[in-house]
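Worksheet for the structure shown next.
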Amino acid sequence: MANKIEVKELLEAGVHFGHMTRKWDPNMAPYIYMERNGIHIINLYKTAAKIEEANEALKKIAASGRKILFVATKKQAKDIVAEKAKAANMPYITERWPGGMLTNFVTIRKAVKKMSSIDKMKKDGTFNTLSKKERLQVDRLRAKLEKNLGSIADMSRLPAALFVVDIKAEHIAIKEAQKLNIPVFAMVDTNSDPREVDYVIPANDDASKSIDKILSLVTTAVIEGLSDRGAEKETEVAAAEEEAAPAVEAEAAPATEE
């Protein structure tokens with residue numbers, strides 16, 4: 001079971017601060033506690049419940065061995081998401097969303113493979129046979145690919161889910177996920193439509209402290225899922241070894257004379 005979410009911690013991180021009331025999306029009404037000084041205040045008890053719900057689902061996905069792609073290209077979220085996703089051993093996109101990242105995944109994988117082939121060229125010495133100009137062009141291409149796609153190099157198939165910070169900023173990613181029926185988990189502020197995502201976490205998606213808090217809670221659940229998977233694999237290996245032991249002993253035993 002995921003850890004109990006403390007409302008006090010969410011409050012201290014400023015998760016409750018929504019947008020100005022004039023910018024609100026009426027579909028966020030169920031998650032709004034009150035209005036104060038022209039700003040909507042998010043109901044943190046509902047946020048805590050939604051985090052727990054999302055964490056249970058994310059934990060199961062991680063335990064199944066599938067990937068969760070974290071997406072956040074806005075300035076105040078990029079570094080936090082990159083750090084937390086790396087710690088959870090999950091892919092992430094923090095630069096511009098590559099169009100067709102999901103809907104044209106085959107092409108994206110080709111670009112990632114290109115990166116690997118350049119690395120291979122450098123290892124086997126082929127790179128040194130190129131002219132100075134060609135080497136410069138290859139290096140520039142490698143740097144560009146690394147910047148845009150390096151964080152998804154290990155993602156060999158489509159992710160099982162997306163986790164998004166700010167659904168307005170990442171609307172292209174969400175549309176692609178919807179087309180492929182990939183569930184979307186997201187931090188949703190009071191100016192956004194929660195109906196666009198499958199798992200809503202009502203929260204301030206602008207302040208770095210709020211983003212850091214939510215991502216810490218979410219990735220902790222993902223790491224727990226990965227840990228469960230590791231423990232399950234060890235149990236399976238031990239059971240298989242136990243099962244194989246009598247057969248190995250029988251084979252090793254010397255034949256008795258009749």
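We use all heavy atoms of the structure for the numbers below, so side chains are in, but hydrogens, waters and symmetry mates are not. This structure is a prediction, so every number in the text was calculated from the model and none was measured.
We find that Glu53 and Lys50 are joined by a salt bridge, their nearest charged nitrogen and carboxylate oxygen being less than 4.0 Å apart. Taking 4.0 Å as the cut-off between side-chain N and carboxylate O, Arg142 and Glu146 count as a salt-bridged pair.
Proximity of a side-chain donor or acceptor of Thr47 to a complementary backbone N or O of Pro202 within less than 3.5 Å is detected. Asn204 places a side-chain N or O within 3.5 Å of a backbone atom of Gly14 that can act as its donor or acceptor partner. No side-chain donor-acceptor contact under 3.5 Å links Gln76 to the backbone of Ser208. Side-chain atoms of Glu224 do not come within 3.5 Å of backbone N or O of Lys59 as any donor-acceptor pair.
Residue Ile39 holds its CD1 atom at 10.5 Å from CZ of Arg22, rounded to the nearest 0.5 Å. Taking NZ from Lys67 and CG from Leu158, the interatomic distance works out to 14.0 Å, rounded to the nearest 0.5 Å. Atom CG of residue Asn43 and atom NE2 of residue His16 lie 11.5 Å apart, to the nearest 0.5 angstrom. A distance of 8.5 Å separates CZ in Arg229 from CG in Leu226, rounded to the nearest 0.5 Å. Distance check, rounded to the nearest 0.5 Å: CG of Asp119 to CG of Asp124 gives 11.0 Å. Taken from OG1 in Thr219 to CE in Met90, the straight-line distance is 10.5 Å, to the nearest 0.5 Å.
In this structure, the side chains of Val138 and Leu130 come closer than 4.5 Å at one or more pairs of heavy atoms. Taking 4.5 Å as the limit, every side-chain heavy atom of Ser151 sits out of range of all side-chain heavy atoms of Thr94. Side-chain atoms of Ile214 and Phe163, non-hydrogen and from C-beta on, do get closer than 4.5 Å to each other. With a 4.5 Å cut-off on side-chain heavy atoms, Met101 and Met155 count as touching. Looking only at side-chain heavy atoms (C-beta outward), Val112 and Ile152 come within less than 4.5 Å of each other. Inter-residue side-chain proximity for Leu215 and Glu83 is flagged as unmet; no heavy-atom pair is nearer than 4.5 Å. Using a 4.5 Å heavy-atom cutoff, the side chains of Val188 and Asp205 are not in contact. Inter-residue side-chain proximity for Leu10 and Ile42 is flagged as unmet; no heavy-atom pair is nearer than 4.5 Å.
Hydrophobic clustering places Ile108 together with Leu145 (ILVMFWY residues linked when any side-chain heavy atoms are closer than 4.5 Å, directly or through intermediates). Note on Tyr45 and Met187: same hydrophobic cluster, where clusters join Ile, Leu, Val, Met, Phe, Trp and Tyr whose side-chain heavy atoms are under 4.5 Å apart, directly or indirectly. Linking Ile, Leu, Val, Met, Phe, Trp and Tyr residues whenever their side-chain heavy atoms come within less than 4.5 Å places Phe105 and Trp97 in a single cluster. Following chains of ILVMFWY side-chain contacts shorter than 4.5 Å, one cannot reach Ile167 starting from Ile80, and the two form parts of different hydrophobic clusters. Under a hydrophobic-cluster definition in which Ile, Leu, Val, Met, Phe, Trp and Tyr are linked whenever side-chain heavy atoms come within less than 4.5 Å, directly or via other members, Val7 and Val15 are assigned to the same cluster.
A pairwise comparison of heavy atoms in Glu176 and Gly100 identifies OE2-N, 2.8 Å as the closest pair. In terms of heavy-atom proximity, Leu162 sits nearest to Ala173 at CD2-O, 3.8 Å. For Ala87 against Ile223, the heavy-atom pair with the smallest separation is O-CD1, 3.9 Å. In terms of heavy-atom proximity, Lys179 sits nearest to Thr103 at CD-CG2, 4.1 Å. Minimum heavy-atom separation, Asp25 to Ser192: CB-O, 3.2 Å. Taking each heavy atom of Arg109 and Ala153 in turn, the nearest pair found is NH1-O, 3.4 Å.
Residue Asp79 qualifies as open at atom CG: its count of foreign heavy atoms under 6.0 Å is 12 or below. Annotation for Asn128: atom CG counts as buried by contact number, over 12 foreign heavy atoms lying within 6.0 Å. Few gaps surround CZ on Phe127; more than 12 heavy atoms of other groups in view lie less than 6.0 Å from it. Taking a 6.0 Å sphere around NZ of Lys147, one finds it holds 12 or fewer heavy atoms contributed by other residues, nucleotides or ligands. More than 12 heavy atoms of other residues, nucleotides or ligands sit less than 6.0 Å from atom CG of Asp139. Atom CG of Asn37 sits in a sparse spot, with 12 or fewer heavy atoms from other residues, nucleotides or ligands closer than 6.0 Å.
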- request: Please step through side-chain contact (heavy atoms from CB on, under 4.5 Å) for the pair Gln178 and Glu196, ending with a clear verdict.
  value: CA-CA 9 Å; Gln178 286 169 342; Glu196 291 179 20; 4.2 Å; yes
task: Please report the C-alpha distance between Ser216 and Lys84 in whole Å, then the side-chain angles of each, then the deciding distance to 0.1 Å, and finally whether the side-chain contact (heavy atoms from CB on, under 4.5 Å) criterion is met.
output: CA-CA 7 Å; Ser216 293; Lys84 303 292 182 188; 3.0 Å; yes
query: What do the steps show when you test Thr126 against Lys120 for side-chain contact (heavy atoms from CB on, under 4.5 Å), and what is the final call?
result: CA-CA 8 Å; Thr126 314; Lys120 194 180 173 187; over 6 Å; no
- prompt: Does the pair Tyr92 and Lys86 meet the rule for a side-chain contact (heavy atoms from CB on, under 4.5 Å), with working shown?
  reply: CA-CA 8 Å; Tyr92 58 92; Lys86 268 184 203 170; 2.8 Å; yes
task: Quick one: do Asp189 and Asn191 satisfy side chain to side chain donor-acceptor pair (under 3.5 Å)? Show the steps, please.
output: CA-CA 6 Å; Asp189 214 327; Asn191 65 334; over 6 Å; no
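In this structure, Phe185 has its ring center closer than 6.0 angstrom to the ring center of Tyr199.
With respect to Thr73, the side chain to side chain donor-acceptor pair (under 3.5 Å) criterion is satisfied by exactly one of Lys78, Glu170, Arg96: Glu170.
Ring geometry for His40 versus Trp24: interplanar angle of 30 to 60°, hence tilted.
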